[in-house]
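Residue numbers begin at 1 in each chain, while the letters A, B, ... track the order of the sequences. Since the model is a prediction, treat every value here as computed from it, not as a measurement.
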2 protein chains.
Amino acid sequence: MTDRRGTTSPAGANGRRRSLGAARGEPRAARQPLERPAPLREAVYDVIAEMIINRELQPGEHLVENELAAHLGVSRQPVREALQRLHNEGWVDLRPALGAFVHVPTEEEADQLLSTRTLLEAESARLAAKLATPEQIERLKELQSVGEQALSDDSQVALVAANAALHAHVVEMSGNKVLAQLIAMVDRRVRWYYSPIARTRGREAWDEHALLIEMIATGNSRRAGELMRRHTERTRESYHQRRKDGEEQDAAS
Amino acid sequence: MTDRRGTTSPAGANGRRRSLGAARGEPRAARQPLERPAPLREAVYDVIAEMIINRELQPGEHLVENELAAHLGVSRQPVREALQRLHNEGWVDLRPALGAFVHVPTEEEADQLLSTRTLLEAESARLAAKLATPEQIERLKELQSVGEQALSDDSQVALVAANAALHAHVVEMSGNKVLAQLIAMVDRRVRWYYSPIARTRGREAWDEHALLIEMIATGNSRRAGELMRRHTERTRESYHQRRKDGEEQDAAS
DNA sequence: GGGTGGGCTATAGCATACAGTCGGCGAGAT
DNA sequence: ATCTCGCCGACTGTATGCTATAGCCCACCC
């Protein structure tokens, strides 16, 4: 200890774990003085969450700390911390003395997530209609046209992104950060469950969006909330429908 | 340390924990429901959360890992993991390279938590009325009388506990685990904010409970939801009222 | 042949060690 | 006297080491 200047060998502990830096997209060559360290655990969290969402890690799969650490080029410590956080947010189950397993979604859970989301999103729309500023409404309309464009282009990826952006903006307009936090949590998991079965509802959904924006713009909070409720409710129905279709398809094949 | 399980075992490759296994295993069929070691991090989490709730740790206070670890007789590792979880649940802020600080509640945040709670609790009451079984309704009435008893005894502690138990049971009756999880999260923080300012509303609140239970028992979901909404809304109002009173008192003193 | 217990291996949980960074404080310069 | 710069202590972030446990395999017993 206290070997600050004198004995610090310059050769020790330098180029390591750079691969992760690249993985989380750090194209900068020059550094800014204000640049925060950005803890490794954050990067690890992002990577693992990503792998879970796009099914690189299957539900039920055992996540071995050593493997992940080796794979990512870091020690077990940041991996553990990332797993903790993933656990808190419902992505993985942590069985004492056994470790982390990718959470296995159940149909019941998906349904509860979807209906809870309906509740929260409807409230956010209601509040948004109450508090909307002209700039925010303008922004909403922009996002709507982005979605329309994606629809014309028939670009699923862009459509999903536009949809998320629009909903996120409504949530932000509600001004309720607690609500926003809960929606963010629920929403990500919804997307995870939902993704293998269905994509956006397309035309129909964006027509509903247009109407919703109209209500928000005119400050009709009651109808805005109601519309959003129905809107997300339909998404829920389409989830069940497509899941059923999927089963039938499975049975047929 | 070493006050947990007997940790002074010689690292011998042969003399493994035979004796302990036999002692714990006992004959057959006796136990082993799910006896798990219960990770240290859990215990640490509970202790720290408790300290935050009852103001042993003041808002804004810097939580130094070493101090906590020494105080609790464990290493920094479990402490760090507990802090992670506390961060995810909004109890502490984690500033990179600076460490953990007890979250400083703002009035805006308290209000948003209270109104979000209103939304969630109302929904849980609505669902509870829809799905209630006779046994659950019976249990509700029991809890109500426990509350009435506490009211007669003028026991604040018992009253708070009874109130929490009743609400928790309604939530459980809703059958929606996602909703329950969100409410649990929001509710604990509400209690934290609320506790220094106000206690339960007493008589009034329990009259409202009685009516609510009536609606749940008769399966009137619409009115049950509405009642719960008003019920928690009044709690919110009383929060603002008492906070204002407190300010005036502060100014006067 | 089937059940049972011992031992082995892999892995989580916890502890310790090390390195980098932040903020403060004081000595020296202006 | 005030400002600046470099040193220092403290603490976090990361890595590594150690130990106990869970689950499995196989040998052994019935």
Rounding to a whole Å, what distance do you find between [X]:[atom1] and [N]:[atom2]?
X	N	atom1	atom2	value
A:Leu40	C:dA19	CG	P	17 Å
B:Glu81	C:dC14	CD	C1'	9 Å
B:Leu98	C:dG24	CG	P	10 Å
A:Leu72	D:dT14	CG	C1'	14 Å
B:Arg41	C:dC14	CZ	C1'	11 Å
B:Glu42	C:dG13	CD	P	10 Å
B:Leu68	D:dC11	CG	P	12 Å
B:Asn66	C:dA15	CG	P	13 Å

(request) State which residues pass side-chain hydrogen bond (donor to acceptor under 3.5 Å, both in side chains) with A:Arg236; sequence neighbours excluded, sorted by chain then number. (result) A:Asp111, A:Glu233
(request) Tell me, please, which residues at least two apart from A:Thr235 pass side-chain hydrogen bond (donor to acceptor under 3.5 Å, both in side chains). (result) A:Arg201
(request) Output the single nucleotide from D:dC11, D:dG13, C:dA12 whose closest atom is nearest the side chain of B:Val64. (result)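 Closest of the options to the side chain of B:Val64: D:dC11.
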(request) With the side chain of A:Ser75 defined as its heavy atoms from C-beta on, choose the nearest nucleotide among D:dA15, D:dG23, D:dT12. (result)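 Closest of the options to the side chain of A:Ser75: D:dA15.
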Check this for me: does any side-chain nitrogen of one of [X] and [Y] sit under 4.0 Å from a carboxylate oxygen of the other?
X	Y	value
A:Glu42	A:Arg85	yes
A:Glu109	A:Arg189	yes
A:Lys177	B:Glu108	yes

(request) Please determine if a side-chain N or O atom of B:His62 lies less than 4.0 Å away from the OP1 or OP2 oxygen of D:dT12. (result) yes
(request) Would you please confirm or rule out a distance under 4.0 Å between OP1 or OP2 of D:dT12 and any side-chain N or O of B:Arg80? (result) no
(message) Within residues 82-91 of chain B, which residues have any heavy atom lying less than 4.0 Å from an atom of DNA chain D?
(response)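 Heavy-atom contacts with DNA chain D come from no residue of residues 82-91 of chain B; none.
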(request) Let me know which of B:Tyr193, B:Trp192, B:Tyr45 forms a ring pair (Phe, Tyr, Trp, His ring centres under 6.0 Å) with B:Trp91. (result)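 Of all the options given, the one that passes is B:Trp192.
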(message) Applying a 4.0 Å non-hydrogen cut-off, can you work out what A:Leu63 is touching in the nucleic acid: base, sugar-phosphate, or nothing?
(response) sugar-phosphate
(request) Mind checking A:Gln77 for me? I need base, sugar-phosphate or nothing, with any heavy atom below 4.0 Å counting as a touch. (result)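 Counting heavy atoms under 4.0 Å across all strands, the contact made by A:Gln77 includes a base.
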(request) Given side-chain contact (heavy atoms from CB on, under 4.5 Å), test B:Leu179 with B:Val171 step by step and report yes or no. (result) CA-CA 8 Å; B:Leu179 197 61; B:Val171 169; 5.8 Å; no
